[in-house]
2 protein chains.
Amino acid sequence: MTGQVRTVDGRVAGRRGQATRQKLLDCLSEMLSSSPYRDVKVIDVARKAGTSPATFYQYFPDVEGAVLEIAEQMATEGAGLTELLEGRSWAGKSGWQTAQELVDGFLEFWRKNDAILRVVDLGAAEGDKRFYKLRMKILNSVNNSLADSIAELQAKGRVDKDVNPAAVAGSLVAMLAAVAAHQKGFSTWGVKQAELKPNLALLVHLGVTGKKPSK
Amino acid sequence: MTGQVRTVDGRVAGRRGQATRQKLLDCLSEMLSSSPYRDVKVIDVARKAGTSPATFYQYFPDVEGAVLEIAEQMATEGAGLTELLEGRSWAGKSGWQTAQELVDGFLEFWRKNDAILRVVDLGAAEGDKRFYKLRMKILNSVNNSLADSIAELQAKGRVDKDVNPAAVAGSLVAMLAAVAAHQKGFSTWGVKQAELKPNLALLVHLGVTGKKPSK
DNA sequence: TCGGTAAGCTGACGGCATGACAGGACAAGT
DNA sequence: ACTTGTCCTGTCATGCCGTCAGCTTACCGA
């Protein structure tokens, strides 16, 4: 499926090659966490990995290319977010729990990968299709599940006809992503992490079901 | 209040100086719209403005500094977003209209300034306090108004006690900002602009009042 | 009208990142 | 030890960064 890992000039990478390649990715990832995207230089990544810039260019066309690689790895991991919604109910107390767990899991995932997700977000916002698709891939699992839930409730007549499930789901997911990205921001806004979560869950619940949760 | 415009080395800028300074800002702004932030180079901006890189560095410490300047100008403009909520009611049909107009105005503002707002968002997410404060300055007008509205409804007993107005308001504003930043994204998700707005307005109304709007 | 002064701009330069290549180091099999 | 193919790096041309000295331009008082 994934095919073999190849260098820029077409060679297949062996065991050692893959190791240094991965090391470069790890170092880049670390670098992204500690300094602004704009200031991340190939030479710094190479130095940190104990190798030379030339080696970096053997495996990646540029910094952007390497970031895409990292993001791709994360995206497959992120598919696990579907579990947060699979087979869950939105009725009654269990609905409130579903919302809470979704918020919890989502924020946690974002917190773990915030550095790369920032860059993916930027790339997508700038209109780069590769980043755009990647962002979709990450969010689609949650988004589709949410949209399905809403559509289902709508079919049962428990949600208004003129609600567009995809639009609402997309907006809620965007909200979760944005809040996750600016979590630190809220704290200086006078909102503590612990307070934030239930309020987010409330908004999600309201959005999906159109009703306040029964706790 | 604003004091005089000064060059990096402390001279006060005269008429001509301010003109080129502004021209550099305009060109940078244009540049940000057409190419990725990471690839915007001082030399390109200078060339576009028909001047030399040295001139750029006379007025700004670096690209980031110039971006901050542009964002600052935009932030004062953005204070006008308060109007979208000032003296509006959240009751009955007028509540629905308030929500709609807020969404409309917000998306429009974002669409107009998307390039700079992208960069501000990135800077804030990366933890840069200057960008962070700027983002607050832009969003505060809307955020505070929303939080006040919620707190007011809460005082009247129309919103649950355990709702944190600041958290909900912040989340809703974050949602609006995120959706605005990825407006194009929704369209390929199968959601048209025109469909998106009412659904966003619905979510805002639900978040503020806890109830479905009466249209 | 004529300097004098400060603002405004640029050419040029050392320094560093980029990206390409060719050649040397290394591991594994024979 | 020798061969083979993978892997890494020294080196180089190119181009951007950020700074400086020095030149040009505008303003102002005498």
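Below, chain A is the first sequence line, B the second, and so on; all start at residue 1.
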request  = Would you kindly compare R21(B) and R38(B) by the position of their nearest DNA chain C nucleotide and give the one closer to the 5′ end?
outcome  = R21(B)
ask   = With distance as the sole test, does T7(B) use its side chain to make a donor-acceptor pair with the main-chain N or O of R11(B) at under 3.5 Å?
value =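 Yes: the side chain of T7(B) pairs with the backbone of R11(B).
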inquiry  = What residues from residues 25-33 of chain B pass a heavy-atom cutoff of under 4.0 Å to DNA chain C?
reply    = none
task = Give one of base, sugar-phosphate or nothing for F60(A), where a contact means two heavy atoms less than 4.0 Å apart.
result = nothing
Interface polar pairs with nucleotides 18-28 of chain D, N/O, under 3.5 angstrom:
| unit_1 | atom_1 | unit_2 | atom_2 | d |
| --- | --- | --- | --- | --- |
| dG18(D) | OP2 | Y57(B) | OH | 2.5 |

query = Quick one: is T7(B) getting a side-chain N or O under 4.0 Å of the dA7(C) phosphate, OP1 or OP2?
reply = no
request  = Please identify each residue that fulfils side-chain contact (heavy atoms from CB on, under 4.5 Å) with P53(B), with sequence neighbours left out.
outcome  =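 With sequence neighbours excluded, P53(B) shows a side-chain contact (heavy atoms from CB on, under 4.5 Å) to V42(B), I43(B), A46(B), given in chain and number order.
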remark   = Taken to the nearest 0.5 Å, the spacing of D26(B) CG from R21(B) CZ works out to 11.5 Å
Ionic contact status for R118(B) with D121(B), cut-off 4.0 Å =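 Between R118(B) and D121(B) there is no salt bridge, as every charged N stays at least 4.0 Å from the carboxylate O atoms.
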inquiry  = Whether E64(B) and R38(A) form a salt bridge (side-chain N of Lys/Arg under 4.0 Å from carboxylate O of Asp/Glu) is what I want to check.
reply    =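 E64(B) and R38(A): not salt-bridged.
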remark   = Shortest non-hydrogen pair, A124(B) vs F131(B), comes out as N-CB, 3.6 Å
ask   = Do you know the tightest heavy-atom contact between Q154(A) and P165(A)?
value = OE1-CG, 3.5 Å
ask   = From the list dC16(D), dT10(C), dA17(C), which nucleotide is the closest neighbour of the side chain of T55(B)?
value = dT10(C)
Nearest-neighbour nucleotide for the T51(A) side chain, dC8(D), dC16(D), dA7(C) considered =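 The answer is dC8(D), which lies nearest to the side chain.
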query = Whole-Å distance between dC17(D) C1' and D44(B) CG?
reply =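 Computing the D44(B):CG to dC17(D):C1' distance gives 12 Å.
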